[in-house]
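Contents: one structure, followed by commentary.
Numbered from 1 within each chain, the chains take letters A, B, ... in sequence-line order.
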Amino acid sequence: MSLDASDPVLTVSGLTLSYDIPAGELKALRDVNLSIGKGEIVGLVGESGSGKSTLMQAILGLLPGAAQIRSGSIRFEGQDLTGLSARQMRGLLGDRISVVFQDPMTALNPVLTIGRQMIDIQHRSKLSRREKRARAIEMLARVRIPDPESRIDRYPHEFSGGMRQRVAIAMALMAKPALLVADEPTTALDATLEIATIDLLRELQSEIGCAVLFITHHLGVVAELCDRIDIMYAGEIVESGATGAVFQDPRHPYTQLLFGCDPAQIAEPMRHLPSIGGNLPDLTAPLPGCIFASRCPRADETCTTGHPADHKAGQSDLVRCHYPLAPRLEISA
Amino acid sequence: MTPLLSVRNLDVSYPVGGLMAKLRGADQLQIVAGVSFDLARGETMALVGESGSGKTTLARAIAGLGGLVSGEIRFDGAPLNTSGRQIRRDIAFIFQDAVSSLSPRLTVRALLREPFAIHGIQYPEGEVERLLRLVGLPATIAERRPHELSGGQARRVGVARALALKPRLVIADEPTAGLDVSVQSEVLNLLNDLRTRLGLSLLIITHNLNIVRHIADRMAIMYLGRFVETGDTAPVFAHPHHPYTAALLSANPIIDPEARKTRLYLKGEVPGLVRRPKGCEFHSRCPFVQDLCRSTPPSLREDGPVSYTCHFPMEASVNA
Amino acid sequence: MSSAVDPATAAVVKKPRKARGAMRRLVSDPLGALGLGLIVVTVLAALAAGLLPHDPVKLNPMVRFAAPGAEHWLGTDNLGRDLFTRMLYGARIALVISIGATVASLLVGLLFGVLAGFGPRWLDSILLLLMDAMKSVPTVMLALVLITWTGPSLWAVVLVVVLVNGPTYARIVRTQVLALRNAEFIEAERALGAGFLRVASLHVVPNIIGPLLILAAMDIPIVVGIEAGLSFLGLGVRPPTPSWGTILFDGFSYIRDSIWMVVAGGLPIVITALGFTFLGEALRDTFDPKLAKR
């Protein structure tokens, strides 16, 4: 597996971001580095409070008013998105960058037909209305909506949940974006539909050749779909690398524990399941050391006093740990 | 020994439509059809199925929380009175959405004292603290209100409330929905500990097969309101007989691209309950459908600890 | 196994702070502070009425239409009664009727609204029909019919207000109950075996009362107006009793002799109406989640 690092579509470097809250400054993202190559599918994994949604909002320019970017940059196709005006950002969204959300109803207007909406989003195109409609039908067929010619004049509520999500994917990919940001698009779907949606996404992605940032908390989906995986914890990316490599030999203790307590990855049935224990640190006053130190079974004085640098270790490209080469943690229930 | 819960030929319907539907005689939609099973004391059983499979409807009907029920439900050997007050003490229900199943204006303390007040039982002093300790929460949490709790904490409060009256059966609807993996383990471990310590029977409704494999003694797979396969968990995972079971098991995302090749895909989507397919109700989506399946409903067959309804069961090797 | 002891112990401290914060926000809103101030003035006036040396109803023909002065602060009316005293006694009548009638309307609204929202479909339909029928009758018509029947009295005024406002509140309560009745926490209470009364009083009403109280605060000036209007028309409080409406009516007849009766009747109506309206708007801004700024 070779990384096309020469010309990534999206590069987030050194991104540090805070929220102004009554209790002070919530340091939501700290020195986040992320890169997505052309046509690459990158899975961004983290539990609640990991900052993955904040990172997504930062990339899409959808940050709430209380958020302040302190330093760092988000470069997309050569321009820094942090410096763009709202107007310039709108010009990119839906054209060069598209989004699919967890709930497809957020992307679909309930009082307009699917066809009307799929024609409307082609407003940048110079095609005639008839051609736009033909393109919409073709796109619906590609996401395997049965009988697209008649379905196109139906309203969103006349579609099942799985079909709605496929319509949302079709709409997101119509403009042939360079980057698709998918925020938990399969979380609300049943397992069989989830697999079908993942297969569809992979297929369309390889046809269109766009890069995908896939945000999820479901490790299995990342394993199934993504070329690379980035693991976030409490506002930092703690490990990053090729999916197969990271799953086989995770180097960061958090990654190891996270994989260790995923019931899907425990081969032998066990009544008592392992858990990580402890809680997320207070991000209004993060301690000087490693962000995971308070929950890490291996933490020593080095970990609680000094912030670890990013290391290349094992087959992982980035491990933010003082001891990236330590033997894998034994997980016990 | 009689099973704690014994269900025979249970049908559950819900009223639909208005006067016109009533005149046409189509004012009831049957959601659960012909379900039979036993649940022993101290046993954990998982009801598995996709949305619309009727698993929640079945569980709610057993707990006496709605639906027009016909068939037989026996609890501890005697017919269960689903509208009486005793059922509220014997059977506890843990709702899917933990935070919104707690009355928003009450403190945790008030919420935990409520079961006693409702049943006119003298509140045992210090019971709130004891219940909180039981579910692994600090006593300081008693003065908080639901919106001040995290998802995992709210779930624990829900469990504590369910256990207050010492029920004998706990029904948990998607107890880990929306929880992070690490917290998910904690909640499941808690339920399991309580089961062993208090001798409860657990009925867990979930679509997450990964947790079923670890925590359930037995499982039942539901499709369109019917059990298509039931049995001890390990044998069902090792050798699914019904193609639907096999498809669900193989829909687990995996890293090995080779293993993906044997994946079983279903056709189309779940048909509506209004027009149930004829013959085997799964035939419209079954990858192995044959003529017999379209005309004749399969009868219940048994293979050791597993029973299933399929004319042409899967071979043992497919998913092993 | 780790028990979840998280940093949110702070949340325990947060709650009282939030309640105090709401009060502070209310008072820091200039409109809210002004409204509260005007209401306090009215209430103090009603309380102080008994301390005054003059009798509000005793006739004193020797000093008709006296101008304001040291003895009579606002002068006297056509029958020689001290206007300032009558104005303060009027505040008692106005507050008792407006608050009493509004509370009664709220109770009626809650009762019928909860019954309609929770009850079977047929009951809902009947109650809805009743509410809409009541609301379609104009207030003055209703008052005329009712008072011809019962004769003018304080209670008749309260009844008119309840018949006018009750159905409005009932409709709002019904809508809110319908939204809540399938909420998961209501289901959870039922699963524990809680009966209708318990669910309604402990879990439904506390969750819908907030917006209703705001609405009621904003309705109080209207009720003050209804009372004054009916009294002005001779359909409300009977003459010797000092109501702002009757003072205003008398002042209207004798406006050529003295303007002070109109002032004593009209000014307090304006002050009270503004007070409750401002307070209601400030309450809404403070508590309406859609408008509240974090």
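- Residue with the most contacts toward chain A among B:Ser185, B:Gly152, B:Ala234, B:Ala216: B:Ser185 (heavy-atom pairs, distance under 4.5 Å).
- Between B:His242 and B:Phe282, the distance separating the two ring centers is shorter than 6.0 angstrom.
- At a cut-off of 3.5 Å, with distance as the only test, a side-chain donor of A:Thr192 or B:Glu50 sits close to an acceptor on the other residue.
- Neither the backbone nor the side chain of A:Ala188 comes within less than 4.5 Å of any heavy atom in chain B.
- Shortest non-hydrogen contact noted between B:Val99 and B:Ala154 is CG2-CB, 3.7 Å.
- Listed by chain and number, the residues in a side chain to side chain contact (heavy atoms under 4.5 Å, CB included) with B:Phe288 are B:Pro243, B:Leu264, B:Cys286, B:Met314 (sequence neighbours excluded).
- The contact between B:Leu188 and chain A is made entirely by side chain atoms (from C-beta outward), counting heavy-atom distances below 4.5 Å.
- Per-residue heavy-atom pair counts under 4.5 Å with chain A were compared for B:Gly151, B:Ser51, B:Ala177, and the maximum is reached by B:Ser51.
- For A:Glu268, the part lying under 4.5 angstrom from a heavy atom of chain B is the backbone only.
- Evaluation of the side chain to side chain contact (heavy atoms under 4.5 Å, CB included) rule for B:Arg263 yields A:Ile195, A:Glu224, B:Ser250, B:Ile254, B:Arg260, B:Tyr265 as partners, not counting sequence neighbours.
- Across all non-hydrogen atoms, the minimal contact from A:Gln165 to A:Phe101 is NE2-O, 3.2 Å.
- Most heavy-atom pairs under 4.5 Å with chain B, from the set A:Val221, A:Leu258, A:Ile266: that is A:Ile266.
- Of the residues considered (B:Thr44, B:Asp217, B:Thr233), B:Asp217 shows the highest number of contacts with chain A, using heavy-atom pairs under 4.5 Å.
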